[in-house]
Amino acid sequence: MSGVGNKKRGLIIGTSDLTPDVGRISDDARIAALRARVMETKDNERVSRLRDTCVIDACSLRASDAEPSWAVRRGLLTRDRLSAMRFEIDDFELLVGRLSFVETDAGEQAAARVFLEAYDLDLPGQTGHCELDMGPLMQLGLDGLAADIRDRLASADDGGTQSTYRAFLYAVDGLSTMIEQAASVVDAKLRDAAGMRRAELVELSVACHQIAHGAPRSFLEALQLLWFVLVGVMNADKAWLVVPGHLDRTLWPFYQADVAQGVLTRDRALVLIEHLYVAINAYVPDGLAMSVMVGGRNAAGADVTNELSYLCLEALRRTKMIYPAVGVCWHGSTPEPLVDLAVELMGHGYPTPAFFSDTTIQRGLLALDVPDDEACRYINSTCVEITPSGASNVWVASPYYNTCGLLLQEIATQAEFEGLAQAHSDGPAPTFEQFVAHYRDRLAAAIADGVAEQNRSRRERLARMRRPLQSVFTRDCVVQGLDIEAGGATHNWIECSFIGLANLADALYVIREEVYGQNRLSFAQLKGILDADFAGLEATRQRFLNGYPKYGQGNVDVDALLAEIVSFVAETCAGFTVEPNGSAYVPGAFAWVMHERLGRETGATPDGRRAGFPFADGCGPAQGRESCGPTAAVLSVTGWDHSRMVGGLAYNLKFNSSLFRSKEGFEGLKALILTYLQRGGFEVQVNVVDGETLKAARVDPEAYRDLIVRIGGYADYFTRLSAEMQEELILRTEFERF
């Protein structure tokens with residue numbers, strides 16, 4: 001969507017500009033002011049300062065030095081981090097969402113960091129990337145959760161389990177304290193408020209005091225509690241990217257009841273969701289991802305779309321920031337108006353909606369032995385990686401595999417063995433099939449190394465890391481008396497991601513023809529061409545790039561090469577298990593930004609790609625290769641089984657904005673998306689922006705500060721991307737027809 005420079009829009013409204021009764025400000029003006037503040041003031045360094053707890057950590061660990069249980073000490077640390085969190089609220093805000101800086105002396109910070117070196121709190125592995133289990137909290141409240149944990153503690157006869165439950169209790173107590181302090185901030189504001197704004201603050205004060213201990217009784221209370229838990233887990237357990245998830249399911253009973261009682265309107269609910277989106281953008285650093293999902297089906301197969309599903313999408317219209325992405329869980333009975341709303345937003349240049357195939361993803365989850373009643377509720381956590389909602393310690397994108405880097409290694413090996421009189425197990429490969437077999441062996445070895453690395457990280461975290469607050473909100477940690485790091489979660493698999501599959505398939509086809517089919521090049525000659533990055537050999541590069549069919553052009557031979565590699569990857573990963581409980585090792589092919597980073601590190605490849613250029617950004621074709629149009633590209637991309645890649649697949653489409661000046665453009669986009677989903681496509685996302693706008697944004701970034709684009713599964717501000725990533729986006733095929 002085309003951007004407008006913030007300076008050209010003017011600065012945010014200050015309190016001196018407000019009317020005596022700020023409660024009468026329009027929703028449009030309120031959200032515009034909050035959005036503008038985030039755009040003007042946010043930077044990743046500032047966000048990092050909000051998250052820095054080194055002084056608190058040092059004080060907490062010093063105070064708990066005599067406690068023999070590390071689990072309990074971690075519970076105390078989580079409690080102390082939560083108790084130290086402070087919030088701010090101004091006259092625009094309807095939620096308590098903004099963290100306040102707690103200033104500390106630089107010398108004190110330095111001393112704290114030195115002290116913490118002995119504890120090494122930053123361990124390898126992953127945290128977060130999940131939707132929490134909010135059901136028990138919404139029913140019982142924090143005091144109710146604490147009472148349940150105390151009952152379990154009283155009957156536990158194992159010392160380790162008792163320590164875990166004590167840690168859980170400290171974490172819950174800290175969250176209550178954090179919310180009480182947020183309530184006091186609202187109360188302080190209330191003293192000077194008048195009119196409608198006073199009424200808003202009274203409602204918010206009552207809400208905060210209620211949810212500090214009891215169950216939420218209204219939509220506002222449930223939404224505010226949801227945010228407190230998210231920011232509490234992220235800040236206090238350092239579990240990043242814990243997402244709102246299925247807001248239309250979590251919040252639906254409260255919305256339904258409030259509307260029925262006449263105490264909530266659709267418009268008020270919408271603006272409250274918008275406030276949540278603003279809070280997320282203010283807190284989460286740019287360049288990451290946060291996800292909301294809507295629609296889908298329940299365990300009985302019935303559609304669960306409701307009014308909140310539409311509001312979660314509609315909230316993107318006024319907020320117009322990078323977070324959250326809102327995924328539509330599409331299936332054959334998804335209401336057409338929900339599809340139309342998402343397509344309308346896409347066509348008008350909003351890149352944050354996306355479609356996920358509910359059927360494809362559930363099939364993949366069921367194959368991982370996720371039961372029916374859980375397979376129907378999952379989350380993309382946070383780009384396109386799929387994890388079961390509320391029950392996940394799944395690690396995502398761990399690790400990323402450079403498939404083309406491995407190909408270059410195999411080419412070098414084959415070049416080395418060419419001409420040797422004596423055969424060798426590593427080469428030479430007299431047939432293309434044997435070459436591919438050697439490549440597969442190399443890829444399988446890399447996969448094995450990746451599994452070993454992840455298992456080492458899991459063992460280290462089991463010994464030294466605890467996350468008590470996240471554990472309280474993750475099935476089945478409380479039931480088992482196990483921290484999430486000790487295997488307490490229901491699902492503990494690890495998802496890896498394979499980068500550059502489209503480039504790999506295209507490159508393999510060129511090798512098959514150039515080296516084996518036509519005997520035009522030896523591996524030594526091919527290696528020389530690639531090592532030189534095609535210097536002085538542009539005609540050769542063009543032959544590699546344009547002289548052979550490519551994935552995305554509907555060519556069955558190239559498409560089959562990619563399908564065979566995917567099948568091999570899935571079967572190989574299925575042969576491994578990961579700790580702590582023999583969980584699956586699950587593949588995916590989404591990129592985040594790794595297609596650019598790994599591409600930058602990798603030499604030229606036989607598909608005609610130059611050294612350092614980004615790889616394809618997901619499961620779609622490489623940049624600029626969909627020369628036969630979007631339908632042919634969709635047919636190629638859906639020519640293999642996506643359900644085996646629960647680790648995530650992102651398919652990017654890019655259209656010129658001129659297509660959407662008439663109704664026919666929106667209808668064409670909808671038809672194309674539905675074709676993709678009906679054929680088993682995993683996920684699809686859309687950029688509607690013309691290349692000239694992107695080029696203009698490179699020249700004058702300040703004027704396009706809020707230009708948002710889809711990358712490799714996530715959305716980001718175009719002007720903050722690296723020059724290489726900007727170029728990659730510009731070079732993606734821009735369809736001007738359907």
Side-chain angles (χ1 to χ4, degrees), residues 287-289 322 325 327 346 351-352 354-356 380 382-385 396-397 400-405 495-507 545 550-553 562 565-566 587-602 605 607-610 612-627 630 633-634 636-638 640 642 645 647-655 676 681-689 691 694 708-718 720-735:
L288 300 173
I322 55 175
M346 288 175 165
T352 43
F355 284 93
F356 290 78
N380 56 312
T382 52
C383 293
V384 291
E385 323 92 296
V396 304
Y400 292 97
Y401 292 102
N402 184 344
T403 63
C404 290
E495 298 174 354
C496 51
S497 194
F498 294 81
I499 306 301
L501 290 176
N503 302 87
L504 175 64
D506 293 347
L545 183 63
K550 296 289 184 285
Y551 174 66
Q553 297 172 359
L562 190 140
I565 289 294
V566 168
F590 93 102
W592 180 43
V593 297
M594 296 306 293
H595 62 302
E596 190 272 325
R597 292 185 186 175
L598 293 178
R600 191 191 316 154
E601 301 168 1
T602 307
T605 44
D607 57 333
R609 172 193 151 276
R610 286 194 180 279
F613 190 77
F615 294 123
D617 53 60
C619 67
Q623 300 85 350
R625 298 182 188 177
E626 304 104 312
S627 57
V634 163
S636 282
V637 174
T638 55
W640 46 280
H642 289 196
M645 305 291 273
L649 297 175
Y651 180 40
N652 281 291
L653 288 167
K654 179 182 173 186
F655 293 94
Y676 172 82
F682 188 99
E683 184 266 5
V684 60
Q685 54 199 35
V686 176
N687 279 320
V688 174
V689 60
L694 297 180
I708 302 172
V709 289
R710 273 279 188 171
I711 315 296
Y714 82 109
D716 206 345
Y717 297 109
F718 179 79
R720 71 170 298 280
L721 300 174
S722 67
E724 294 82 2
M725 188 72 82
Q726 290 179 346
E727 182 67 13
E728 187 266 332
L729 283 161
I730 290 171
L731 290 177
R732 290 182 185 178
T733 299
E734 183 178 305
F735 294 118

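We count residues from 1, following the sequence as given.
- From Phe355, atom CZ reaches atom CE of Met346 across 5.0 Å, with rounding to the nearest 0.5 Å.
- Side chain of Tyr676 to backbone of Glu683: a donor-acceptor contact under 3.5 angstrom is found.
- Arg625 has its side chain out of reach of Tyr551: every pair of non-hydrogen atoms, C-beta onward, lies at least 4.5 Å apart.
- Distance check: Gln623 CD to Asn652 CG gives 10.0 Å after rounding to the nearest 0.5 Å.
- Looking at heavy atoms from C-beta onward, Glu596 lies in side-chain contact with Ser722 at the 4.5 angstrom threshold.
- Between Glu385 and Trp592 there is no side-chain heavy-atom pair separated by less than 4.5 Å.
- Of the inter-residue distances, the one linking Glu724 atom CD with His595 atom NE2 reads 11.5 Å to the nearest 0.5 angstrom.
- Between Pro351 and Val709, the closest side-chain pair of non-hydrogen atoms is not below 4.5 Å.
- Contact detail for Ala633 and Glu626: the closest heavy-atom pair is CB-CG, 3.8 Å.
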Practice item. Check step by step if side chain to side chain contact (heavy atoms under 4.5 Å, CB included) holds for Val593 and Tyr714. Key: CA-CA 9 Å; Val593 297; Tyr714 82 109; 3.0 Å; yes

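- Taking 4.0 Å as the cut-off between side-chain N and carboxylate O, Arg732 and Glu728 count as a salt-bridged pair.
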Practice item. Could you give me the CA-CA distance, side-chain angles and deciding distance for Leu694 and Glu734, then say whether side chain to side chain contact (heavy atoms under 4.5 Å, CB included) is met? Key: CA-CA 12 Å; Leu694 297 180; Glu734 183 178 305; over 6 Å; no

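- Between Asp506 and Arg609 there is no salt bridge, since none of the side-chain N atoms of the basic residue sits less than 4.0 Å from a carboxylate O of the acidic one.
- Closest heavy-atom contact between Gln685 and Gly712: NE2-C, 4.2 Å.
- Of all heavy-atom pairs spanning Phe615 and Gly500, the tightest one is CB-CA, 3.9 Å.
- When all heavy atoms of Gly620 and Val637 are compared, the closest pair comes out as CA-CG2, 4.0 Å.
- Here Arg710 contributes atom CZ and Asp617 contributes atom CG; the two are 11.5 Å apart, rounded to the nearest 0.5 Å.
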Practice item. Could you go through the side chain to side chain contact (heavy atoms under 4.5 Å, CB included) check for Cys619 and Phe682 one step at a time? Key: CA-CA 9 Å; Cys619 67; Phe682 188 99; over 6 Å; no

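- Contact record, Ala715 with Ile708: CB-CG2, 3.9 Å, taken as the closest heavy-atom pair.
- Annotation: the span from Asn503 atom CG to Asp607 atom CG amounts to 4.5 Å, rounded to 0.5 Å.
- For the atom pair CG (Leu504) and CD1 (Ile499), the distance works out to 12.0 Å, reported to the nearest 0.5 Å.
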Check your understanding: So Val384 and Leu649, side chain to side chain contact (heavy atoms under 4.5 Å, CB included) or not? Walk me through it.
Key -> CA-CA 6 Å; Val384 291; Leu649 297 175; 5.7 Å; no

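- Taking the six-membered ring where the residue is Trp, Tyr401 and Phe498 present parallel rings, their angle staying beneath 30° rather than reaching 60°.
- Side chains of Ser636 and Gln553: a donor-acceptor N/O pair is absent below 3.5 angstrom, by distance only.
- Without hydrogens or angle criteria, Lys654 side chain to Leu731 main chain gives no donor-acceptor distance under 3.5 Å.
- Checked by atom type and distance alone, the side chain of Thr352 never pairs as donor or acceptor with a backbone atom of Ala325 at under 3.5 Å.
- Minimum heavy-atom separation, Leu501 to Ala589: CD1-CB, 3.7 Å.
- Side-chain atoms of Thr638 do not come within 3.5 Å of backbone N or O of Gly681 as any donor-acceptor pair.
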